[in-house]
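Heavy-atom basis, side chains included; hydrogens, waters and symmetry copies ignored.
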Amino acid sequence: MQRLRVISHFLTRVCPEPEEIEESRSVTEAPKSSMVSYSDLVPEKTGDSNQLLQKSEADDKMIKDRIPASTEITLHKDTVSLTTITDKRHNHKIRLKPLKPSPIIISTMVTNTRTGAETHIRKLTEDLKCDSPEIIREAVFELRLLAKDEDNRILIASCGAIAVLADLLFSQDLIIQENSVTALLNLSISDNNKLMIANSGAIEALVHVLQTGTPGARENSAATLTSLSKFDDNKIRIGKSGAIGPLVDLLENGTLQGKKDAATALFNLSTAAVNRSSIVESGAVKHLIGLMDPALGMVDRATVVLANLATVPEGRTAIAQAGGIPLLVEAIELGSPRGKENAAAALSHFCSDSNKYCRKVLDEGAGPPLVALSLSGTPRAKEKV
């Protein structure tokens with residue numbers, strides 16, 4: 001009788017609201033592996049993991065001392081299992097939720113994994129500095145693949161690989177050069193790495209790749225500059241680095257993908273007002289006008305750059321001289337919603353500049369499509385009309 005009172009007292013204090021009660025099952029029916037965890041019986045605690053571990057071990061001992069052996073309860077901190085306690089007075093068996101894995105074990109696993117990855121990446125970084133081209137090729141290719149993962153991007157940067165990869169952009173080995181620029185492109189996806197790459201001297205090295213690399217390397221160099229130019233400070237640095245001329249050359253002579261990458265990079269750079277005159281002076285306008293052929297699928301890319309360049313007088317002059325006004329009117333008539341917005345923005349700069357340009361825009365038949373755009377266009381397009 002005294003033992004039943006102890007059990008009843010324990011159940012009342014520890015498990016006041018059982019989630020599920022199964023009738024007519026005795027404690028001897030419970031699997032021998034069923035275990036109750038201390039984490040299921042007390043509120044969750046926060047604090048230093050060592051203190052919590054010591055505290056939980058002390059509490060485990062306290063609970064063991066309080067529960068008579070006849071209850072057949074086993075304590076274990078890190079095992080995921082059902083908690084079973086039987087009240088012999090009513091032959092009720094209480095089942096609690098499974099215990100979640102210990103955060104201490106997870107933390108240890110993550111730490112071990114990170115340490116192993118960091119050790120491997122440091123070894124690859126050292127391999128980049130050796131005298132063997134074959135070892136360098138293997139190491140840089142593996143870093144290129146590893147840099148596709150966000151966690152690895154952080155580790156690679158922390159191991160000092162960015163500066164070494166930037167130096168390898170000057171390699172005479174075109175395979176090493178292309179894999180290095182692609183690794184930097186993957187690393188630049190992380191915002192934390194963008195300034196590190198710019199500060200490593202990589203911008204000038206990327207310009208070198210634009211001028212000397214394989215078609216794939218030139219494309220990835222332009223894409224890397226696009227990624228870096230997400231930050232305004234980098235836009236100005238890239239504009240001053242001599243990158244605009246090689247980007248315009250890629251716009252003219254590159255593969256279709258190269259033209260797309262160059263146009264995107266030039267757009268990002270053109271959002272900084274200080275770069276617009278340089279882009280115009282580099283001859284970009286006539287090549288952008290040439291890309292407004294719908295068959296190339298680049299009308300929107302070209303139009304958005306032209307809209308930015310039309311904000312400066314030399315840009316408007318170059319667009320008009322290259323025959324761009326009729327194509328912008330056509331984009332308002334037949335383009336995508338975004339293309340119509342940007343074409344309207346470009347033409348609005350012409351109309352606000354002088355009556356001469358305004359008359360030319362109207363002579364090209366812009367009136368009806370502009371009226372239609374003012375009625376059914378996007379909010380931004382309506383603002384520009």
Side-chain angles (χ1 to χ4, degrees), residues 110 113-114 116-118 120-122 124-125 127-128 137-171 175-210 213-239 241 243 246-247 250 254-272 275 300-301 304-305:
V110 171
T113 302
R114 180 183 175 89
E118 184 174 353
H120 182 59
I121 289 171
R122 288 192 183 280
L124 293 174
T125 302
D127 288 344
L128 296 180
R137 287 192 200 103
E138 292 177 1
V140 74
F141 180 73
E142 187 169 355
L143 286 172
R144 165 185 175 171
L145 298 181
L146 289 172
K148 293 181 178 182
D149 177 79
E150 177 61 24
D151 290 337
N152 288 339
R153 292 179 194 124
I154 297 172
L155 281 176
I156 292 170
S158 68
C159 289
I162 287 177
V164 187
L165 289 169
D167 289 340
L168 289 176
L169 296 182
F170 292 100
S171 173
I175 295 175
I176 292 175
Q177 185 189 60
E178 183 169 344
N179 283 326
S180 296
V181 72
T182 309
L184 286 172
L185 170 60
N186 291 338
L187 290 170
S188 73
I189 294 172
S190 171
D191 285 348
N192 292 331
N193 291 337
K194 285 180 170 63
L195 289 177
M196 292 181 63
I197 293 172
N199 291 335
S200 71
I203 291 177
E204 291 74 14
L206 289 168
V207 174
H208 174 75
V209 175
L210 276 174
T214 63
R218 295 176 73 198
E219 293 165 9
N220 288 341
S221 178
T224 305
L225 291 172
T226 299
S227 179
L228 297 181
S229 61
K230 176 181 178 180
F231 293 156
D232 290 342
D233 288 346
N234 284 346
K235 292 174 185 176
I236 298 172
R237 295 174 67 174
I238 293 169
S241 70
L247 285 171
L250 184 61
T255 63
L256 181 59
Q257 183 59 52
K259 293 176 187 292
K260 291 179 179 179
D261 290 328
T264 304
L266 288 170
F267 164 69
N268 273 15
L269 296 178
S270 71
T271 60
N275 290 329
D300 286 355
R301 290 176 191 258
V304 71
V305 184

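- Under the 3.5 Å distance criterion, the side-chain polar atoms of S221 are left unmatched by any main-chain donor or acceptor of R218.
- Nearest heavy-atom pair, N275 versus G239, reported as atom, atom and distance to 0.1 Å: OD1-CA, 3.5 Å.
- I121 CD1 to N152 CG: the interatomic distance, rounded to the nearest 0.5 Å, is 5.0 Å.
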Report task. Test D191 against K230 for side chain to side chain contact (heavy atoms under 4.5 Å, CB included), laying out the working first. Result -> CA-CA 9 Å; D191 285 348; K230 176 181 178 180; 3.0 Å; yes

Query - E138/D127 under side chain to side chain contact (heavy atoms under 4.5 Å, CB included): CA gap, chis, key distance, verdict - result: CA-CA 9 Å; E138 292 177 1; D127 288 344; over 6 Å; no

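- Here the shortest heavy-atom pairing between S180 and V140 reads OG-CG2, 3.3 Å.
- Taking every heavy atom of both residues into account, I189 and S227 meet most closely at N-OG, 4.2 Å.
- Nearest heavy atom pair, residue A222 against residue L247, reads CB-CD2, 3.8 Å.
- Heavy-atom minimum distance, V305 versus A263: CG2-O, 3.8 Å.
- Here the straight-line distance linking atom CD of E178 with atom CD of E219 works out to 8.5 Å at 0.5 Å rounding.
- Between the side chain of R237 and the main chain of A198, a donor-acceptor pair closer than 3.5 Å is present.
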Report task. I would like to know whether V209 and Q177 meet side chain to side chain contact (heavy atoms under 4.5 Å, CB included); could you show each step before the answer? Result -> CA-CA 8 Å; V209 175; Q177 185 189 60; 3.8 Å; yes

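- Using modelled atom types, no side-chain atom of S241 and backbone atom of E204 make a donor-acceptor pair closer than 3.5 Å.
- Side-chain atoms of T271 and K235, non-hydrogen and from C-beta on, do get closer than 4.5 Å to each other.
- Donor-acceptor pairing under 3.5 Å is recorded for the side chains of N220 and T182.
- Here the straight-line distance linking atom CG of L187 with atom NZ of K148 works out to 12.5 Å at 0.5 Å rounding.
- Considering all non-hydrogen atoms of both residues, L228 and K194 come closest at CD2-O, 3.6 Å.
- Between atom NZ of residue K260 and atom OG1 of residue T226 there is a gap of 14.0 Å, rounded to the nearest 0.5 Å.
- No donor-acceptor distance shorter than 3.5 angstrom exists from the side chain of D261 to the backbone of A223, with no hydrogens or angles considered.
- In this view, E142 and H120, L124, L146 satisfy the side chain to side chain contact (heavy atoms under 4.5 Å, CB included) rule, not counting sequence neighbours.
- Note that the OG atom of S158 and the CG atom of N192 stand 11.0 Å from one another [nearest 0.5 Å].
- For N199, the CG atom sits in a packed shell: over 12 heavy atoms of surrounding residues, nucleotides or ligands are nearer than 6.0 Å.
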Requested in this report: Begin with the C-alpha distance, continue with both residues' side-chain angles, and end with the deciding distance and a verdict on side chain to side chain contact (heavy atoms under 4.5 Å, CB included) for F267 and R301.
Outcome: CA-CA 8 Å; F267 164 69; R301 290 176 191 258; over 6 Å; no

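- Annotation: the span from L165 atom CG to L184 atom CG amounts to 5.0 Å, rounded to 0.5 Å.
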